[in-house]
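Proteins come first, then strands; the chains are lettered A, B, ... in the order of their sequence lines, and each starts at number 1.
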2 protein chains.
Amino acid sequence: MERSSRFDGSDCEPRINKSPKDLNSIAILRTFQRDQDIFEHYHRCDWWYRIVSGATRKYRIRSDGRRQIADINLPGDFFGFSSSDAHASSVQAIVEGTIVACYPRAAIEALADSDPATAKLIRLGTFAAIERLEQQIFVVSTMSAPERVRAFLVHFRDRIGRSGESDLALPITRYDIADLLGLSTETVCRAFTDLRERGAISLEGPRNVTIIRP
Amino acid sequence: MERSSRFDGSDCEPRINKSPKDLNSIAILRTFQRDQDIFEHYHRCDWWYRIVSGATRKYRIRSDGRRQIADINLPGDFFGFSSSDAHASSVQAIVEGTIVACYPRAAIEALADSDPATAKLIRLGTFAAIERLEQQIFVVSTMSAPERVRAFLVHFRDRIGRSGESDLALPITRYDIADLLGLSTETVCRAFTDLRERGAISLEGPRNVTIIRP
DNA sequence: CGGGCGTTTGAAACCCCTCAAGGAAGGTGG
DNA sequence: CCACCTTCCTTGAGGGGTTTCAAACGCCCG
């Protein structure tokens with residue numbers, strides 16, 4: 001934890017605070033570099049997390065070295081929960097300078113027990129995660145490669161951009177998209193060019209996408 | 001709701017009960033036939049559910065008619081949550097006579113707010129669901145067909161059977177397995193016969209599997 | 001006994017992956 | 001400022017796994 005700062009600038013150690021609506025007071029803010037681990041598979045989960053700015057990927061590595069990304073997290077998303085003591089995945093920062101609020105598990109669980117508003121916030125965060133994961137399962141197991149890329153773009157636009165806007169600055173590489181969609185990078189590329197040639201999207205550089213026809 | 005009975009046999013209408021550790025008192029027990037809907041996609045979610053006995057599948061239907069099963073739920077599992085007002089999937093009973101405890105949403109949310117033990121139970125249920133879904137994503141997007149079937153069998157044995165036992169009575173058809181794993185029934189069949197011919201499993205009829213080598 | 005459902009096997013077509021190579025963009029050191 | 005490197009992106013050709021289409025078998029039940 002090379003850099004850490006507090007939400008409110010008060011005292012430096014995480015303070016167990018059970019008072020309602022005081023989520024920020026138990027948080028430690030940490031800044032992560034690109035590709036830096038926030039937590040790793042099989043490690044103890046003593047913290048819960050919430051993204052302040054930037055983005056993260058939740059992933060696992062297969063024995064053959066292939067990587068599967070299960071979820072992309074954006075500002076406001078909670079992550080790091082587990083029903084057991086160990087994490088089932090790893091999480092890394094995607095963009096440079098991603099800021100994450102870290103909550104000591106005992107403290108935030110105590111806060112959730114005493115403050116219904118906090119408990120509800122966490123509940124809604126987990127419900128949203130479940131819906132994203134179900135959508136993800138739906139995408140990777142029923143759709144063809146071009147359909148997956150198209151679904152990814154539409155879904156990501158809805159999450160990251162203001163509604164109505166069709167311009168989209170992707171924070172992630174083709175490799176990330178491939179590992180998220182269960183495809184190879186080459187197939188993702190071909191899907192992008194296909195969509196462009198069909199007039200469904202337009203590209204200004206590889207990372208700036210405009211969705212023309214959903 | 002053709003048949004309904006109470007957990008504890010007390011009065012007949014769902015009673016809003018905020019007292020701690022009183023989850024059962026707000027539950028209505030319902031019994032479902034095989035393939036009967038428990039709730040449907042896009043419908044309002046006014047209830048949360050927990051399986052008492054039997055099994056359910058959570059699924060969506062594509063526009064081309066294909067079905068994707070996102071999760072299989074077994075006794076003790078909570079389901080039916082949503083961060084919005086409408087369900088993102090449908091849920092059906094798989095086995096005849098599946099019994100589900102149904103909790104009015106307002107009542108169980110109020111209970112969760114007032115009773116930390118209930119809130120924790122729900123939290124752990126959702127965390128377990130998240131881990132199952134992540135595992136599911138991992139399986140369907142990185143594994144070959146035989147690997148998926150093998151992973152399904154091992155995972156299902158761990159969930160349904162006593163640990164150590166290798167005998168497994170599948171409550172679901174090849175079609176269900178195919179829609180869960182994102183494969184065609186034919187491919188699932190071929191994977192089963194492959195595993196049998198290699199001596200990894202033995203079959204006594206299509207639905208009774210013994211895992212010999214995981 | 002016939003019908004329907006679930007299961008199994010076979011052959012051909014297709015989609016995606018792998019392997020290979022080239023191009024574009026950004027950072028670093030000379 | 002340019003050469004060089006690394007990383008990311010893109011395109012092409014061949015091979016393999018899965019789907020699709022087709023058909024047959026066993027089984028339960030009316």
Side-chain angles (χ1 to χ4, degrees), chain A residues 33-35 57 62 64-69 92 94-96 139-153 168-198 201-209, chain B residues 33-35 57 62 64-69 92 94-96 139-153 168-198 201-209:
Chain A
Q33 302 163 9
R34 185 164 168 272
D35 294 337
R57 56 178 159 243
R62 270 182 62 108
D64 63 7
R66 283 174 56 193
R67 180 185 65 166
Q68 172 58 35
I69 298 178
Q92 278 179 346
I94 295 178
V95 302
E96 187 67 34
V139 167
V140 295
S141 56
T142 68
M143 293 186 182
S144 67
E147 285 175 323
R148 292 186 212 186
V149 172
R150 187 192 132 285
F152 162 77
L153 289 175
L168 185 55
L170 295 178
I172 65 180
T173 67
R174 297 283 188 273
Y175 285 88
D176 285 328
I177 299 174
D179 288 347
L180 180 68
L181 299 179
L183 299 169
S184 65
T185 30
E186 296 92 332
T187 304
V188 173
C189 272
R190 283 185 250 268
F192 267 93
T193 36
D194 272 12
L195 289 170
R196 179 168 51 76
E197 288 175 354
R198 294 183 180 195
I201 62 172
S202 74
L203 295 170
E204 297 164 14
R207 306 287 271 271
N208 286 306
V209 186
Chain B
Q33 303 164 9
R34 182 165 169 274
D35 294 336
R57 56 178 158 242
R62 270 179 65 106
D64 63 7
R66 283 175 56 192
R67 180 185 64 166
Q68 172 57 35
I69 298 178
Q92 277 180 346
I94 296 178
V95 303
E96 187 67 33
V139 167
V140 296
S141 56
T142 68
M143 292 186 183
S144 67
E147 285 176 323
R148 292 187 212 187
V149 172
R150 187 193 133 284
F152 162 77
L153 289 174
L168 185 57
L170 295 177
I172 65 180
T173 68
R174 296 284 189 271
Y175 283 89
D176 284 328
I177 299 174
D179 289 347
L180 181 66
L181 299 180
L183 300 169
S184 65
T185 29
E186 296 93 330
T187 304
V188 172
C189 273
R190 283 185 251 268
F192 267 94
T193 38
D194 273 12
L195 289 171
R196 180 168 50 75
E197 289 174 353
R198 294 185 182 194
I201 63 171
S202 75
L203 296 170
E204 297 163 15
R207 305 288 270 272
N208 286 306
V209 186

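Scanning DNA chain C 5' to 3' for nucleotides with an atom closer than 4.0 angstrom to a non-hydrogen atom of chain B gives a first and last hit of C:dG6 to C:dA11.
Using a 4.5 Å heavy-atom cutoff, the side chains of B:Ile172 and B:Phe152 are in contact. Two residues are said to be in side-chain contact when any heavy atoms from C-beta on lie closer than 4.5 Å; B:Val149 and B:Asp194 fail this criterion.
Looking at residues two or more places apart in sequence or on another chain, you find a salt bridge (charged side-chain N to carboxylate O under 4.0 Å, His left out) between A:Asp35 and A:Arg57. Evaluation of the side-chain contact (heavy atoms from CB on, under 4.5 Å) rule for B:Thr185 yields B:Arg174, B:Tyr175, B:Ala178 as partners, not counting sequence neighbours. Contacts of B:Glu147 classified as salt bridge (charged side-chain N to carboxylate O under 4.0 Å, His left out), with partners at least two apart in sequence or in another chain: A:Arg62. Partners of B:Pro171 under the side-chain contact (heavy atoms from CB on, under 4.5 Å) rule, at least two apart in sequence or in another chain, are B:Val95, B:Phe156, B:Ile160. Every residue was checked against the salt bridge (charged side-chain N to carboxylate O under 4.0 Å, His left out) condition with B:Arg198, not counting sequence neighbours, and none meets it. Legend: residues meeting ring pair (Phe, Tyr, Trp, His ring centres under 6.0 Å) with A:Phe192, ordered by chain and number and at least two apart, are absent. Considering only residues two or more places apart in sequence or on other chains, B:Asn208 meets the side-chain contact (heavy atoms from CB on, under 4.5 Å) condition with B:Ala169, B:Glu204. Residues satisfying the salt bridge (charged side-chain N to carboxylate O under 4.0 Å, His left out) test with B:Arg66, not counting sequence neighbours, are none.
Screening residues 178-191 of chain A for salt bridge (charged side-chain N to carboxylate O under 4.0 Å, His left out) gives A:Arg67-A:Asp179 as the qualifying pairs, with residues at least two apart or on separate chains.
Bending across the helix from C:dC1-D:dG30 to C:dG30-D:dC1, expressed as the angle between its end axes from five pairs apiece, amounts to 30° (10° rounding).
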Quiz item: Taking protein heavy atoms under 4.0 Å as touching, what does nucleotides 17-30 of chain D look like 5' to 3' if B marks base contact, S marks sugar-phosphate-only contact and - marks none?
Solution: -SBBBB--------
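When heavy atoms are screened at a 4.0 angstrom cut-off, B:Tyr175 is found touching base atoms of the nucleic acid. Residue A:Thr185 is classed as having no contact, given no heavy-atom separation below 4.0 Å to the nucleic acid.
One atom, CZ of A:Arg196, and another, P of D:dT11, lie 6 Å apart when rounded to the nearest Å. Following rounding to the nearest Å, A:Ile94 (CD1) and D:dC8 (C1') show an atom-to-atom distance of 16 Å.
Considering only side-chain N and O atoms, A:Arg174 lies nowhere under 4.0 angstrom from the phosphate OP1 or OP2 of D:dT7.
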